[in-house]
Amino acid sequence: MGRFVILNFFKKIIGTAVSKPQLQPVLVEPVANPVKIYTRSEHPISRTQISAHALKVLYQLKKSGYASYLVGGCVRDLLLGREPKDFDVVTDATPEQIRKVFRNCRLIGRRFRLAHIYFGHEYIEVATFRGRADAENDDQKFHASGQLLRDNIYGTIEEDVWRRDLTVNALYYNIQDFSIVDYTGGLEDHKAARIKLIGDPVTRYREDPVRMLRAVRFAVKLGFVLDAECQQPLPELASLLNAIPSARLYEEFLKLFLTGYGLQTFEMLRQHGLFGALFPAVERSLNEESEGFPKVFIAKALENSDKRVAQGLPVTPYFLLSVLLWDSVQALAQQKIAQGVPSVPAQQMAASEVISEQVQRIAFPKYMGIAMRDVWYLQSRFHQQTGTRPFKLITHPRFRAAYDFLLLRAEAGDVDQKIADWWIAFQAAEGMDQTAMTLPPSTKGPQKRRNRSKNYRHRNPASKSTVEHHD
Ligand code: ATP
Ligand code: MG
């Protein structure tokens with residue numbers, strides 16, 4: 001924070017020389033509280049970019065005499081000309097006051113209440129400025145009295161801003177005069193494509209270790225550089241993530257890996273020593289083999305799901321989880337087999353153990369564990385290509401996912417490409433040809449072989465190597 005004060009003081013002295021003219025801020029309280037106000041002509045956000053519902057909420061609050069701002073991700077994204085995922089509003093009105101302003105309002109949350117203003121099925125989330133109260137003390141009071149403490153929770157915009165994580169996430173768009181209010185130098189950082197924590201990074205990471213993941217996630221998503229001071233402590237503090245509830249890490253896992261930037265995020269998390277805190281077993285198996293399998297396998301799966309997100313197609317968390325954990329399951333199964341456990345139970349036991357270790361870190365729902373085990377189990381059945389077994393396998397509810405998994409394994413060199421090709425051809429073949437393909441090798445005549453090679457030529461390239469949506 002001291003740095004901001006100095007920076008602003010410095011700017012004040014030398015005037016426009018430091019920043020570009022269109023971003024020249026108006027210094028309101030230069031020393032104690034160096035807020036910068038960028039007037040409408042000094043920033044690019046136009047009301048035409050803002051959702052009509054969000055504008056209605058902002059105007060309505062203003063009309064009722066309250067301050068109201070857009071804040072967080074939407075301001076950050078609007079500055080990039082991107083369409084925000086959602087528009088978050090903050091105000092100095094309390095939830096009860098907000099409720100009085102809007103008929104279509106529902107209050108949610110117990111301790112920190114938020115208002116949802118409904119427009120059909122859509123809603124705009126409105127929060128009251130949060131106070132400075134540090135979470136730990138508050139929680140203690142909360143637990144000791146067993147009551148909801150509402151004092152200290154709501155605050156002013158000056159307090160609200162310091163609770164936020166990144167400077168680029170702490171910009172407020174003021175509906176009063178369409179200016180951007182910036183307490184932390186967020187607009188300069190945004191302009192410089194820089195991700196920075198507000199305040200001292202180590203302190204802020206310790207307060208909430210998930211901020212380490214968020215810093216990486218936003219750096220990748222926005223194509224910004226993570227500030228050196230914010231990068232440097234990551235490997236050392238990574239283990240703080242062990243204290244984060246696994247349900248919260250599951251939510252974060254979805255955002256990190258399944259929102260279109262999975263591959264780059266995976267690489268950056270590994271680079272900064274954070275990936276192992278989320279997936280310890282996977283990190284171990286990746287370290288055993290620096291290139292090749294399983295890295296290629298995981299990278300291909302992430303690349304596929306990133307492509308699907310870019311095309312607006314759905315992606316499936318359990319599929320990615322099954323890819324991530326596959327090598328660990330295989331390694332553990334091999335150990336068990338070496339100890340004399342037969343292959344099938346060895347695989348089953350390994351699957352259970354790897355899943356129960358992982359779910360302690362990232363609480364994926366139980367049905368996903370079941371689906372992952374199916375996908376893994378079905379891999380051995382792809383080797384059975386005679387008789388009625390292929391016909392049965394194809395009707396298995398998890399066939400599609402297991403098949404995509406097989407194609408990906410083949411691409412990554414984990415299984416003979418011929419096996420994958422056989423299944424591609426088998427699915428493309430018609431009734432008689434399919435039956436011919438499943439005859440034992442000795443009974444296959446020259447005629448049938450010709451049919452089979454025809455099917456290879458006719459295989460459908462579109463069915464290859466896309467990670468589908470698996471329910
Ligand atoms: P997205 O586009 O992913 O929704 P976002 O910035 O809106 O990005 P949210 O997780 O929706 O991210 O959070 C909304 C805002 O709340 C953030 O912009 C940030 O100001 C604040 N925030 C969220 N999580 C934290 C955190 N762990 N610590 C401090 N502030 C946070
Ligand atoms: Mg958001």
Side-chain angles (χ1 to χ4, degrees), residues 1 45 49-51 53-54 69-91 108-109 112 114-116 122-136 138-139 153 155 157-173 180-187 189-190 195-224 226 230 234 237 240-241 243-245 247-262 265 274 309:
M1 244 174 271
I45 296 180
Q49 296 168 275
I50 302 171
S51 100
H53 295 154
Y69 301 81
L70 286 179
V71 67
C74 62
V75 180
R76 178 198 71 214
D77 291 348
L78 288 173
L79 285 169
L80 287 174
R82 294 193 192 177
E83 196 184 327
K85 217 170 61 188
D86 38 41
F87 289 86
D88 294 326
V89 171
V90 278
T91 177
I108 60 146
F112 188 80
L114 297 167
H116 286 174
E122 281 180 36
Y123 63 83
I124 299 290
E125 189 167 285
V126 183
T128 308
F129 293 134
R130 297 191 73 156
R132 210 196 313 258
D134 73 275
E136 240 174 63
D138 246 20
D139 279 348
I153 291 179
I157 186 170
E158 288 88 349
E159 290 170 331
D160 188 271
V161 68
W162 302 111
R163 304 189 59 120
R164 297 185 179 270
D165 53 353
L166 311 176
T167 64
V168 294
N169 279 350
L171 294 167
Y172 296 72
Y173 173 87
I180 289 180
V181 182
D182 178 7
Y183 286 87
T184 66
L187 201 61
D189 287 338
H190 196 288
I195 294 290
K196 248 173 142 175
L197 272 287
I198 298 172
D200 170 50
V202 172
T203 310
R204 301 310 306 281
Y205 290 149
R206 285 189 181 281
E207 267 173 21
D208 178 5
V210 172
R211 289 175 186 151
M212 296 190 279
L213 302 174
R214 288 176 58 88
V216 168
R217 175 156 69 85
F218 287 117
V220 171
K221 175 179 155 176
L222 304 171
F224 286 11
L226 184 54
C230 301
L234 294 176
L237 299 183
L240 293 176
L241 286 165
I244 302 298
R248 185 167 176 215
L249 287 184
Y250 175 65
E251 293 302 316
E252 203 54 37
F253 157 75
L254 297 178
K255 292 183 190 168
L256 287 164
F257 293 101
L258 291 158
T259 56
Y261 304 90
T265 305
L274 295 169
V309 174

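Computation of the quantities below employed the complete heavy-atom set of this structure, encompassing side-chain atoms and omitting hydrogens, waters and symmetry-equivalent molecules. We count residues from 1, following the sequence as given. Start at 1 and go down the list; that is how both ligands and their atoms are numbered. Just so we're clear, the structure is a prediction, and the values are computed from it rather than from any experiment.
- With values rounded to the nearest 0.5 angstrom, Arg206 atom CZ is found 5.5 Å from Leu240 atom CG.
- Salt bridge Glu207/Arg204: present, at least one basic N to carboxylate O contact under 4.0 Å.
- The only option from Glu83, Lys221, Lys85, Gln49 that meets the side chain to side chain contact (heavy atoms under 4.5 Å, CB included) definition with Asp77 turns out to be Lys221.
- Given atom 22 (N) of ligand 1, the protein heavy atom at minimum distance is Arg214 NH2, 3.6 Å.
- If you check which protein heavy atom lies closest to atom 1 (P) of ligand 1, you get Lys85 NZ, 3.4 Å.
- An N or O contact shorter than 3.5 Å links Arg164 to ligand 1 by distance.
- Proximity of Lys221 to ligand 1 is established by a heavy-atom distance of less than 4.0 Å.
- Closer than 4.0 Å to atom 20 (O) of ligand 1 lies at least one heavy atom of the protein.
- Closest to atom 11 (O) of ligand 1 among all protein heavy atoms lies Asp88 OD2, 4.5 Å.
- Within the structure, the closest approach of Arg248 to ligand 1 falls below 4.0 Å when heavy atoms are considered.
- Protein heavy atom nearest atom 27 (N) of ligand 1, with residue, atom name and distance: Asp208 OD2, 2.8 Å.
- Closest protein heavy atom to atom 28 (N) of ligand 1: Arg211 NE, 2.8 Å.
- Between Tyr69 and Phe129, the ring-plane angle classifies as tilted under the 30° and 60° cut-offs.
- Checked by distance only, ligand 1 and Arg76 come closer than 3.5 Å through their nitrogen or oxygen atoms.
- The N/O atoms of Asp86, backbone and side chain alike, include none that comes under 3.5 Å of an N/O atom in ligand 1.
- For atom 31 (C) of ligand 1, the choice among Ile198, Asp165, Leu222 with the nearest heavy atom turns out to be Asp165.
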